[in-house]
Amino acid sequence: MTRAEQIAAEWRSQLKTDLSRSSETTRESIVRWLLGEDLNRFDEYTPERFDIEVQAMDYRYRILIQRYFETPPQRAYRNLIQRLGSIFVIRNKISTWIALSRDRQTTVVDVLQEVIQDLMQNDKYMQEQVGWIAQCTDDARLRNAIVLTATEEYCLRPIRNQPLLVYRFVNYQKRTQRAGMTQVPAADFIRLVSEEVAPDDSEGSVSLLDGEAMAQFQEEQAQQQQQELRSAIVKQFEDYLTEKVGSDAAQWLRLYLQGKTQEAIAQMLDMPIKQVYRLREKVNYHAVRVFAQKNQPELVTEWLGR
């Protein structure tokens, strides 16, 4: 018995227990998908690589069962979006991009759906997966569930300590801004993201569930994104003040955020101190009553609290 035949027999036994109400055709389709198209590869693996491959199949199977199998298509799709949107680094990347863009009506879910659609249409690996899944089953509902499973697993693969979806989002940004082409790495080796498995990586990547590394990374990313967001909002508020109040108000804001006192600002603007205090009240009014209603009120409040 070859390694592939041995693995297939073990999966048939497990699925007969787990999915006893499903047809044998359905179970056999899942087994075929899990094993993949090239069955001879199992005989060429080292013991360590073989163990990783076995765990990778188990990881994909658990994704399928937990979120997509026998789930209505629309609900299964929502499960995918919710799963990917719940990843901190992805949600923050998209949120920052939206905050810096002109289209404030767009939501994280809107952008995430467009990135997934872009991935399905342009990513060579996903196109190959869709083709292979179509060979495994004629059942449209099962085929949809497996495609969503493959999409989730692929999007969350760690590449240089970030989910692969982050890089696809960057490609999507470039594509939408410059109509450029995506450069797609087509590595076929399964790298896992799970609580139980943290495979070695030649580039030093770690599991997304490596708590300490992930927390440090997330903190650095959050600080960087917060600074970028703060700079963008400051620029917007300066432009607003120049248009609605005058250039003196924008200058007052810049000096105030540099930590200058009202007396110092009066000297630098060559303005009576009473006029500077009136200018401060005008800026505060526009910040709280107008600008902050639509633009990051917590940041504006932080400025005024200095």
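Taking every heavy atom of both residues into account, Ala249 and Val283 meet most closely at CB-CG2, 4.0 Å. In plain terms, the two heavy atoms of Ile63 and Glu153 that are nearest each other are CD1-CB, 4.1 Å. Shortest non-hydrogen contact noted between Ala4 and Leu35 is O-CD2, 3.5 Å. For the residue pair Cys136 and Ser29, the shortest heavy atom distance occurs at O-OG, 3.1 Å.
Around atom CD of Gln14, more than 12 heavy atoms belonging to other residues, nucleotides or ligands sit under 6.0 Å away. Taking a 6.0 Å sphere around CD of Gln267, one finds it holds 12 or fewer heavy atoms contributed by other residues, nucleotides or ligands. Annotation for Asp138: atom CG does not count as buried by contact number, only 12 or fewer foreign heavy atoms lying within 6.0 Å. Around the CD atom of Gln74, the shell of radius 6.0 Å holds no more than 12 heavy atoms that belong to other residues, nucleotides or ligands.
Ser86 places a side-chain N or O within donor-acceptor distance of the main-chain N or O of Arg83, the cut-off being under 3.5 Å. No side-chain donor-acceptor contact under 3.5 Å links Thr137 to the backbone of Leu142. Between the side chain of Ser20 and the main chain of Lys16, no donor-acceptor pair closer than 3.5 Å is present. The closest donor-acceptor contact from the side chain of Asp118 to the backbone of Glu114 lies at 3.5 Å or more, if one exists at all. Distance alone, capped at 3.5 Å, places no donor-acceptor pair between the Arg143 side chain and the Val130 backbone. No side-chain donor-acceptor contact under 3.5 Å links Asn171 to the backbone of Arg168. Within the 3.5 Å criterion, the main-chain N or O of Leu34 finds a donor-acceptor partner in the side chain of Arg60. Between the side chain of Gln162 and the backbone N or O of Tyr167 there is no donor-acceptor pair closer than 3.5 Å. A donor-acceptor pair under 3.5 Å links the side-chain atoms of Glu5 to the main chain of Thr2, judged by distance alone.
In this structure, Glu53 CD and Thr46 OG1 are separated by 11.0 Å, a value rounded to the nearest 0.5 Å. Taking CD1 of Ile265 as the start and NZ of Lys260 as the end, the distance is 9.0 Å to the nearest 0.5 Å. Between Gln129 atom CD and Trp33 atom CH2 the span is 8.5 Å, to the nearest 0.5 Å. The CZ atom of Arg67 lies 9.0 Å from the CG atom of Leu80; values are rounded to the nearest 0.5 Å. Once rounded to the nearest 0.5 Å, the distance linking CD of Glu152 with CZ of Arg157 reads 12.5 Å. Rounding to the nearest 0.5 angstrom, the gap separating the NZ atom in Lys282 from the CD atom in Gln275 is 8.0 Å.
Side-chain contact between Leu112 and Phe169 is absent, with no heavy-atom pair separated by less than 4.5 Å. Side-chain contact check for Leu156 versus Leu165: every heavy-atom pair is 4.5 Å or farther apart. At least one side-chain heavy atom of Val170 sits less than 4.5 Å from a side-chain heavy atom of Gln173. Put simply, the side chain of Ile87 reaches to within 4.5 Å of the side chain of Val89, judged on heavy atoms. Side-chain atoms of Val111 and Tyr172, non-hydrogen and from C-beta on, do get closer than 4.5 Å to each other. Side-chain contact between Cys155 and Ile116 is present, with heavy atoms from C-beta onward closer than 4.5 Å. Using a 4.5 Å cut-off on side-chain heavy atoms (C-beta onward), Ile90 and Val108 make no contact.
Remark: Lys235 engages Asp239 in a salt bridge, criterion side-chain N to carboxylate O under 4.0 Å. Arg32 has no carboxylate O lying under 4.0 Å from a charged side-chain N of Glu28, or vice versa, which leaves the two without a salt bridge.
Relative to the ring axis of Phe50, Arg41 does not place its NZ or CZ within 45° and under 6.0 Å from the centre. Note that Arg280 lies outside the cation-pi zone of Tyr277, set by a 6.0 Å cut-off to the ring centre and a 45° limit from the axis.
Placement of Leu241 and Met268 within a single hydrophobic cluster is found when ILVMFWY residues are connected by side-chain heavy-atom separations under 4.5 Å, directly or transitively. Residues Ile146 and Tyr77 fall within the same hydrophobic cluster, defined by Ile, Leu, Val, Met, Phe, Trp and Tyr side chains chained together at heavy-atom separations under 4.5 Å. Ile94 and Ile159 fall within the same hydrophobic cluster, defined by Ile, Leu, Val, Met, Phe, Trp and Tyr side-chain heavy atoms under 4.5 Å apart, directly or through other members. Taking hydrophobic clusters as Ile, Leu, Val, Met, Phe, Trp and Tyr residues chained together by side-chain heavy-atom distances below 4.5 Å, Tyr59 shares a cluster with Tyr125. Both Val54 and Leu39 are part of a single hydrophobic cluster, where members link through side-chain heavy atoms under 4.5 Å apart.
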| query | What do the steps show when you test Thr26 against Ser23 for side-chain hydrogen bond (donor to acceptor under 3.5 Å, both in side chains), and what is the final call? | reply | CA-CA 5 Å; Thr26 296; Ser23 68; 3.0 Å; yes
| task | Could you go through the side-chain contact (heavy atoms from CB on, under 4.5 Å) check for Leu84 and Arg91 one step at a time? | result | CA-CA 8 Å; Leu84 298 180; Arg91 188 175 65 250; over 6 Å; no
| request: Show the numbers, then the answer: is there a side-chain contact (heavy atoms from CB on, under 4.5 Å) between Gln135 and Glu37? | output: CA-CA 9 Å; Gln135 295 180 47; Glu37 194 166 9; 3.9 Å; yes
| request: Carefully, step by step, assess Asn92 and Trp97 under the rule side-chain contact (heavy atoms from CB on, under 4.5 Å). | output: CA-CA 8 Å; Asn92 267 24; Trp97 185 61; over 6 Å; no
| request: Please lay out, stage by stage, how Leu119 and Thr151 fare under the test side-chain contact (heavy atoms from CB on, under 4.5 Å). | output: CA-CA 9 Å; Leu119 178 83; Thr151 303; 4.3 Å; yes
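Side-chain polar atoms of Tyr68 and Asn144 form no donor-acceptor pair below 3.5 angstrom.
Shown here are the side-chain contact (heavy atoms from CB on, under 4.5 Å) partners of Leu19, two or more places apart in sequence or in another chain: Leu15, Ser22, Arg27, Ile30, Tyr61, Ile65, Phe69.
Under the ring pair (Phe, Tyr, Trp, His ring centres under 6.0 Å) rule, His286 has a single partner from Phe237, Tyr240, Trp252, which is Tyr240.
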